[in-house]
Amino acid sequence: MSHQLDHVIGARPNFIKAAPVIRGLGERGVTQRVVHTGQHYDERMSDVFFRELDLPAPDVYLGVGSGTHGEQTAATMVGLERAWSEDPPSLVVVYGDVNSTLAASLVAAKLSIPSAHVEAGLRSFDRSMPEEINRIVSDLLAELLFTTSPEAEDLLRSTGVPAERICFVGNPMIDTLLAHRSAFDSTEESERLGLPETYGVVTLHRPSNVDDVASARAVVEALDGLAALLPLVVPLHPRGRSTLEAAGLRDRDRLRVVEPLGYVAFLSLVARARLVVTDSGGIQEETTILDVPCLTMRPNTERPITISHGTNRLVAPSEVVANAEAILAGPARPTGPRPPLWDGHAGERIADEIVGWLAARAGGSAA
């Protein structure tokens, strides 16, 4: 078999999580292939991350692009089935909860190819979120389940997953953050955008916030109130742009609406921010390690450890201003216990587990 394992990545969070795993496996001599589905196909959402994270160029690029959940998932499945029917790997590694992850898990299962799910066991317990369905199915089909928190491990065991298939390894997204931490001290991006010393960062893309006009209006009203407290910068995800703009979101003096940013540029803004407002799972984790207060504009989170061990709190749009006032009246950098194993070595642990699994499967040789 020409390839021992395939990494399936398709969107910004996947790139960040995959980079330390790919590096760790490469250092251990494992033959691997990168399959980029093209779910995020815009240069600002994809190519720039490959450059900044030193990811190898994709060996396979499917170019599925945008579309409905069904269209995007189906196109990915067709492309992966074709690729793997011709050249099946020994193991498929999937990341997070995007549509590419679901598609790869399904195709691998139907072709009898084992899969490993990095970031397994996370649950919001809200099945109206498409990501929740992706998480459940990917976990159900995975042979190896790599968890970022003890809570995720507990959940998987409670659903009947055998303990020997679950590996608590820490958070590879934090590996990437810590590896680039010194680069975030730069003031270049905040100066380029003309931001003052104190400002907030906003990122929003969840359907519950940006797909419905009434919800989008509530979000924009919250941001208008927040902008009266401190200047904001909003790197606007392509998803939901038209709805948010129709609801009144616009670039102005105290609310800068900008295009999506690369990894280093974006986290340079986050690291220096007084607070962050988001609906992103990954940013809840990144602010936890950067000691930046985070307001997550959602009724739930699949990452409760960012609340119990981090800087995150859940808010409704109507609660944003009051919570921001409390944050601005408190310490600039909250500190406290940080999640266990979020130490920059998760990728190495995952690589070791995969090497052991491949060796056992091959009868002693993993490379």
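Here the structure is a predicted model, which means the values were calculated and not measured. Hydrogens, waters and symmetry mates are skipped; everything else that's a heavy atom, side chains included, is used.
Using a 4.5 Å heavy-atom threshold, the side chains of P88 and I113 count as touching. Contact of the H36 side chain with the L62 side chain is not registered, since no non-hydrogen atoms from C-beta on lie closer than 4.5 Å.
The aromatic rings of Y263 and H180 lie perpendicular to each other, with more than 60° between the two planes, well past the 30° mark.
Residue D224 forms a salt bridge (Lys or Arg N to Asp or Glu O under 4.0 Å) with just one option from R252, R250, R254, and that option is R252. Checking each of V92, V93, D87 against P89 for a side-chain contact (heavy atoms from CB on, under 4.5 Å) leaves exactly one that passes, namely V92.
In this structure, R157 pairs ionically with E153, as a charged nitrogen and a carboxylate oxygen lie closer than 4.0 Å. R123 has no carboxylate O lying under 4.0 Å from a charged side-chain N of D97, or vice versa, which leaves the two without a salt bridge. A salt bridge links R206 with E131: the distance from a Lys NZ or Arg NE/NH1/NH2 to an Asp or Glu carboxylate oxygen falls below 4.0 Å. One finds no salt bridge joining R272 and D185 here, because no Lys/Arg side-chain nitrogen approaches an Asp/Glu carboxylate oxygen to under 4.0 Å. Salt bridge present: R303 and E119 bring a charged side-chain N and a carboxylate O closer than 4.0 Å. In this structure, R333 does not pair ionically with D291, as no charged nitrogen and carboxylate oxygen lie closer than 4.0 Å.
The line from CG of L204 to CD1 of I283 is 9.0 Å long, rounded to the nearest 0.5 Å. Rounding to the nearest 0.5 Å gives a distance of 10.5 Å between CG of L269 and CZ of R256.
In this structure, the side chain of D279 engages the main chain of H205 through a donor-acceptor pair within 3.5 Å.
The environment of E319 atom CD is dense: over 12 non-hydrogen atoms of other residues, nucleotides or ligands sit within 6.0 angstrom.
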